[in-house]
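Remarks on the structure that follows.
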Amino acid sequence: QELPVESGGGSAQTGGSLRLICAVSGHDGNNYCMGWFRQVPGKEREAVATTTTLGGSIWYAEAVKGRFTISRDIAKDDNDRNTLYLQMNNLKIEDTAMYYCATHSRYCQNVGSYAKWGQGTQVTVSS
């Protein structure tokens, strides 16, 4: 099974920026949700930003609106992969979390509905 692969996490200071990248899935021409999620120890995983493969409908959690931007590149052929990005600006300490990329859902903000998950990439924001 082809699973998403995240990269780009790391450390930043408050007010700084990081860009997450996810090689999501192969080319299939179907419409489904892809998104970024985050989790801190002891808390449930939460949706951060989601989009769709076709149409590009976008949703953001209130906590990241105006600071994070989700975008995607859709695979053009069988040798290509859908790629998902999360540009994170004006980072806050509360953005510290493990960030996960996920794909293949019909219900974009429903964490439990996603079929494929990456291993996660850690984002740590300090003052």
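Side-chain atoms of D80 come within 3.5 Å of backbone atoms of K76 as a donor-acceptor pair (strictly under, hydrogens ignored). Checked by atom type and distance alone, the side chain of T121 pairs as donor or acceptor with a backbone atom of G9 at under 3.5 Å. Between the side chain of N110 and the main chain of Y107, no donor-acceptor pair closer than 3.5 Å is present. Side-chain N or O atoms of R45 include none that pairs as donor or acceptor with a backbone N or O of R38 at under 3.5 Å. The backbone N or O of R67 sits nowhere less than 3.5 Å from a side-chain atom of N90 that would complete a donor-acceptor pair. Without hydrogens or angle criteria, Q122 side chain to G10 main chain gives no donor-acceptor distance under 3.5 Å. Remark: the backbone N or O of N30 is paired with a side-chain donor or acceptor of T53 at under 3.5 angstrom. No donor-acceptor distance shorter than 3.5 angstrom exists from the side chain of Q13 to the backbone of S126, with no hydrogens or angles considered. Of the possible donor and acceptor atoms, none in the side chain of W36 sits under 3.5 Å from a partner among the backbone N and O of A102.
Within the 4.5 Å cutoff, side-chain heavy atoms of M88 are placed close to those of Y99.
The minimum heavy-atom distance linking A47 with Q109 is given by the pair CB-O, 4.2 Å. Of all heavy-atom pairs between I70 and A49, the closest is CD1-O, 3.5 Å. In plain terms, the two heavy atoms of T14 and I93 that are nearest each other are CG2-CG1, 3.5 Å. When all heavy atoms are compared, the tightest approach of V40 to A97 is CG1-CB, 3.6 Å.
Applying the side chain to side chain contact (heavy atoms under 4.5 Å, CB included) test between W59 and each of T51, T50, V48, T52 identifies T50 as the sole match.
V24 and L86 end up in the same hydrophobic cluster when Ile, Leu, Val, Met, Phe, Trp and Tyr side chains are linked at under 4.5 Å. Criterion: ILVMFWY side-chain heavy atoms under 4.5 Å apart, direct or through other members. Under it, M98 and I21 are not part of a common hydrophobic cluster. Placement of I58 and F68 within a single hydrophobic cluster is found when ILVMFWY residues are connected by side-chain heavy-atom separations under 4.5 Å, directly or transitively. The same ILVMFWY cluster, assembled from side-chain heavy atoms under 4.5 Å apart, contains both Y60 and V123. Cluster annotation: F37 and V125 are assigned to distinct hydrophobic clusters (Ile/Leu/Val/Met/Phe/Trp/Tyr, side-chain heavy-atom contacts under 4.5 Å, transitive).
Here Y32 pairs with H104 under the ring-ring contact (aromatic ring centres under 6.0 Å, His included) rule; sequence neighbours left out. Judged as a salt bridge (Lys or Arg N to Asp or Glu O under 4.0 Å), and not counting sequence neighbours, E44 has no contacts. With sequence neighbours excluded, no residue forms a ring-ring contact (aromatic ring centres under 6.0 Å, His included) with Y100.
For E46, the CD atom is densely surrounded, since the number of other residues' heavy atoms within 6.0 Å is greater than 12.
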